[in-house]
2 protein chains.
Amino acid sequence: MTGKQDEPARRNATLKDVAAACGLSVAAVSRYLNHSIKLPRATTDRIDAAIRELRYQPNPHARSLSLGRSETIGLVIPDIANPYFAHLAAGVERAAAEFGLGLLLCPTLSRTDREIDYLGRLSGRHVDGLLFVTNNGDDPALALALKGSDTVVLVDDDIDGATAPTIMADSDQGGFLAGSHLIENGHRRIAYVGGPAGLSSSRGRLGGFRRAIAKANGSVTVVAELQGPYSSEHGRNAANQLLALEPRPTAIFVASDEIVLGLLTVFKQQGVKVGADISVVAFDDVGPLELFDPPLTAIRQPVAALGRRAVERVFSLIKGDSLAPVTELLPVELIIRSSVKPLHR
Amino acid sequence: MTGKQDEPARRNATLKDVAAACGLSVAAVSRYLNHSIKLPRATTDRIDAAIRELRYQPNPHARSLSLGRSETIGLVIPDIANPYFAHLAAGVERAAAEFGLGLLLCPTLSRTDREIDYLGRLSGRHVDGLLFVTNNGDDPALALALKGSDTVVLVDDDIDGATAPTIMADSDQGGFLAGSHLIENGHRRIAYVGGPAGLSSSRGRLGGFRRAIAKANGSVTVVAELQGPYSSEHGRNAANQLLALEPRPTAIFVASDEIVLGLLTVFKQQGVKVGADISVVAFDDVGPLELFDPPLTAIRQPVAALGRRAVERVFSLIKGDSLAPVTELLPVELIIRSSVKPLHR
DNA sequence: CTGAAAGCGCTTACAG
DNA sequence: CTGAAAGCGCTTACAG
């Protein structure tokens, strides 16, 4: 019994302990752990053994303080329970892990004040960079608060007047694909239900949609353009408005999964059969839309790629590569299922 | 032009700067910021003004290093893109924010080695506590690695042989409710499709289900008990097996949303109508099950409450309240929709 | 009550 | 190449 009993809650080993254990200076060990200065094999073996023996783990706070960076990025995001954001977060987290970056979750509930607060974590050096997902891009306060932050990447939507690099899906292309698909299937009275007028993701989808309509040379009527928040409530309201129309549209382009959920709820209640009675193209395609009644045709966003690319770019910014703050558009895809009924002309 | 031009990227203000600006010692300002020592109103006004003026933000790493804690917890979780985990994470994040705790995301992809790695973040003091969500509770390595970690709360499932406090939904109750509901609707040939045999969440659901069956005094037959991972693939396999049965079960209790997705995919392909041809009760109820075809009856887990309660408990542990490491079971709820067909006896 | 000073555990410019 | 030492920016026991 010579001290072999497992002393519980022993003080954590520090670099000093490791150094002492193998008769080196802390500087040497630190350098070995970081810069990979070349050391004789025998020495490195000794260090490795000591680390294992003492269960040494570098204190990340000391490291961060000394280095002035934390190897952690923040993900500013409205609500992780929303399937779209959840998938985006999953893409981000995967890439972050690959880059050796920790990921701090910064949920905003879409409140601008919280979004701005989190910018403070950046300037306070809590995190090295920020991935910024917001639905408040039309709020001038945001662009203002963003000024001077040089390691922020906007994801999924941009902020009016901000110059930060931005990664988004090609909303315009998506709107165009959706509109074209409906037109090709013979629809001539089409409604649009989408996000807030002020958001670029939203403007893009509507713009592309209109482009498809315009291409049909006046043969197609847009019976309604209902813009509102990316929420199922907006979808429910929109559904009620559209059902009241006389005559009804034969097809709807619904520019978000979240909105489509609300819309479908009302249709179901009212006995309106999607596909048979009214055709629908959705947007996002993160939920299990293939299991819906009927399986929903949708524009699929490249969520995983969006997340990965955002991490890549913020990583570059942190390293100091001052790339031009360009906006990157990632391509979307039309996923055809059964919610669009071909109409005879 | 007396230095009034907005020098960009100015060094961040420190506590020292603030102290100097108002002619106090750093100790005084630090105490004011933390302990709320009483200071004359005039003084605190001066401090507040200086902080605003200098845009002072405490350096969290210095604080963490000095304090030996980070006011951050980690959420160890298989995959944030899974709707169930996403909802759980949302509950956790909300509560964490209320307690003033940062939330570090620790995704494991259900790999035990990664789960164990994250335990190192705890012992390395990167985070003050860990919320641990795992589907590998039957892996002895996990219980071993967990030993000595005193600020870990297990969420959603437990770990065999671990003594950490645990917050789970009442799976047994859920299984019982599901089984009883099917029996009450006249079903006599019922199948069970659930999670891995080794997991307690899974054992609970099956146990409760069997309890309901037993209560029917032999009038009900369990035609199959298919256990496997909580994955849609397992659901697809199970669906194929069940469809091959002769005669088929009239009802299935599917003990997870994820599994039910796979099951429904196959049923849809095969033209089997849920509700009409075969009744289904699901478990979790986080997806938009009400929009499925048909809307799915399910046992709803109290995800938000699970997350909140877990944060409360880890917070207590961090404070040092050494509560007994009890397991808490939160009640579930039967949500009746349209996937269970009443059978005439 | 208050301030000077030590200490948290790293990293790295600096001198040998 | 190597080590002693300063420094990162806080908190708080200690002495006045």
Side-chain angles (χ1 to χ4, degrees), chain A residues 9-44 46-47 50-51 54-72 100 102 120-128, chain B residues 9-44 46-47 50-51 54-72 100 102 120-128:
Chain A
R10 206 217 279 78
R11 181 181 62 81
N12 276 340
T14 71
L15 204 53
K16 207 163 132 190
D17 300 325
V18 176
C22 40
L24 291 170
S25 71
V26 292
V29 182
S30 173
R31 287 199 182 98
Y32 167 62
L33 257 27
N34 294 305
H35 290 299
S36 341
I37 36 160
K38 282 274 165 268
L39 287 178
R41 177 64 188 274
T43 313
T44 64
R46 232 164 57 235
I47 299 180
I51 287 176
L54 297 168
R55 298 177 198 285
Y56 169 69
Q57 297 196 278
N59 180 316
H61 307 301
R63 187 175 154 82
S64 296
L65 178 59
S66 186
L67 245 29
R69 57 184 152 82
S70 57
E71 269 134 12
T72 299
R121 293 213 177 167
L122 222 203
S123 55
R125 312 270 73 177
H126 194 152
V127 295
D128 299 340
Chain B
R10 205 216 279 81
R11 180 182 62 83
N12 275 341
T14 70
L15 204 53
K16 208 163 133 192
D17 299 325
V18 175
C22 39
L24 292 170
S25 70
V26 292
V29 181
S30 174
R31 288 197 182 101
Y32 166 62
L33 257 27
N34 294 307
H35 291 301
S36 339
I37 36 160
K38 281 273 163 271
L39 287 178
R41 177 62 188 274
T43 312
T44 63
R46 231 164 57 235
I47 299 179
I51 287 176
L54 296 169
R55 299 178 198 285
Y56 169 69
Q57 296 194 280
N59 181 316
H61 307 302
R63 187 176 154 82
S64 295
L65 178 58
S66 186
L67 246 28
R69 57 185 152 80
S70 57
E71 270 135 11
T72 299
R121 292 213 178 168
L122 221 204
S123 54
R125 312 270 72 177
H126 194 152
V127 294
D128 299 339

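Just so we're on the same page: letters track the sequence lines, and every chain starts at 1.
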Report the distance from atom [atom1] of [X] to atom [atom2] of [Y], rounding to the nearest 0.5 Å.
X: B/Ser66; Y: A/Leu65; atom1: OG; atom2: CG; answer: 10.0 Å
X: B/Thr14; Y: B/Tyr56; atom1: OG1; atom2: OH; answer: 7.0 Å
X: B/Leu54; Y: B/Leu15; atom1: CG; atom2: CG; answer: 11.0 Å
X: B/Arg125; Y: B/Asp128; atom1: CZ; atom2: CG; answer: 6.5 Å

### Query
OP1, OP2 of C/dT2 versus side-chain N and O of B/Tyr32: anything below 4.0 Å?
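So the side-chain polar atoms of B/Tyr32 never come under 4.0 Å of the phosphate oxygens OP1 or OP2 of C/dT2.
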
### Task
List in chain and number order the residues that pass side-chain contact (heavy atoms from CB on, under 4.5 Å) with A/Ser25, two or more places apart in sequence or in another chain; answer none if no residue qualifies.
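Expected list: A/Ala27, A/Ala28.
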
### Query
Excluding sequence neighbours, so at least two apart, what forms side-chain contact (heavy atoms from CB on, under 4.5 Å) with A/Ser64?
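side-chain contact (heavy atoms from CB on, under 4.5 Å) list for A/Ser64, sorted by chain: A/Ser70, B/His61.
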
Check the distance between [N]'s [atom2] and [X]'s [atom1] and give it to me in whole angstrom.
X: B/Arg63; N: C/dG9; atom1: CZ; atom2: P; value: 17 Å
X: B/Leu33; N: D/dC10; atom1: CG; atom2: P; value: 9 Å
X: B/Leu24; N: C/dG3; atom1: CG; atom2: C1'; value: 10 Å
X: B/Arg125; N: C/dC10; atom1: CZ; atom2: C1'; value: 17 Å
X: B/Leu15; N: D/dT11; atom1: CG; atom2: P; value: 6 Å
X: B/His126; N: C/dG9; atom1: NE2; atom2: P; value: 16 Å
X: B/Ile37; N: D/dT11; atom1: CD1; atom2: C1'; value: 13 Å
X: B/Leu39; N: C/dG3; atom1: CG; atom2: C1'; value: 13 Å

#### Entry: Listed partners of A/Arg63 passing salt bridge (charged side-chain N to carboxylate O under 4.0 Å, His left out), at least two apart
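Counting only residues at least two positions away or on another chain, A/Arg63 forms a salt bridge (charged side-chain N to carboxylate O under 4.0 Å, His left out) with A/Glu71.
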
### Task
Could you say whether B/Ser25 or A/His61 is positioned toward the 5' end of DNA chain C, judged by the nucleotide with the nearest heavy atom to each?
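Mapping each residue to its closest nucleotide by heavy atoms, the 5'-most match is B/Ser25.
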
### Query
Under a cut-off of 3.5 Å for both distances of each Watson-Crick or G-U pair, what dot-bracket string does DNA chain D give, using [ ] for crossing pairs and | for inter-strand pairs?
|||.||||||||.|||

### Message
With side-chain contact (heavy atoms from CB on, under 4.5 Å) as the criterion, how do B/Asn12 and B/Asn59 come out once you've worked through the C-alpha distance, each side chain's angles and the decisive distance to 0.1 Å?
### Response
CA-CA 9 Å; B/Asn12 275 341; B/Asn59 181 316; over 6 Å; no

### Query
Which one, D/dC10, C/dT11, D/dG3, comes nearest to the side chain of A/Ser30?
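Selected nucleotide (nearest to the side chain): C/dT11.
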
Identify each atom pair where a protein N or O and an N or O of nucleotides 5-8 of chain D are less than 3.5 Å apart, giving names and distance.
residue : atom : partner : partner atom : Å
D/dG7   : N2   : A/Ser66 : OG           : 3.2

### Message
For a 4.5 angstrom cut-off between non-hydrogen side-chain atoms, does A/Ile47 reach A/Leu39?
### Response
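Yes. Closest side-chain heavy atoms under 4.5 Å.
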
### Query
In chain order, what residues pass the side-chain hydrogen bond (donor to acceptor under 3.5 Å, both in side chains) check against A/Ser30, with sequence neighbours excluded?
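side-chain hydrogen bond (donor to acceptor under 3.5 Å, both in side chains) list for A/Ser30, sorted by chain: A/Asn34.
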
### Query
Residues in side-chain hydrogen bond (donor to acceptor under 3.5 Å, both in side chains) with A/Ser123, at least two apart?
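A/Ser123: side-chain hydrogen bond (donor to acceptor under 3.5 Å, both in side chains) contacts with B/Gln57.
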
### Under 3.5 Å donor-acceptor, B/Arg46 side chain and B/Cys22 backbone
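Yes, the answer is positive, given that a donor and an acceptor are paired below the 3.5 Å cut-off.
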
### Query
Distance between the C1' atoms of D/dT12 and D/dG16, in whole angstroms?
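So the two C1' atoms sit 16 Å from each other.
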
Which atoms of nucleotides 14-16 of chain C (N or O only) lie under 3.5 Å from a protein N or O atom, and what are those distances?
none

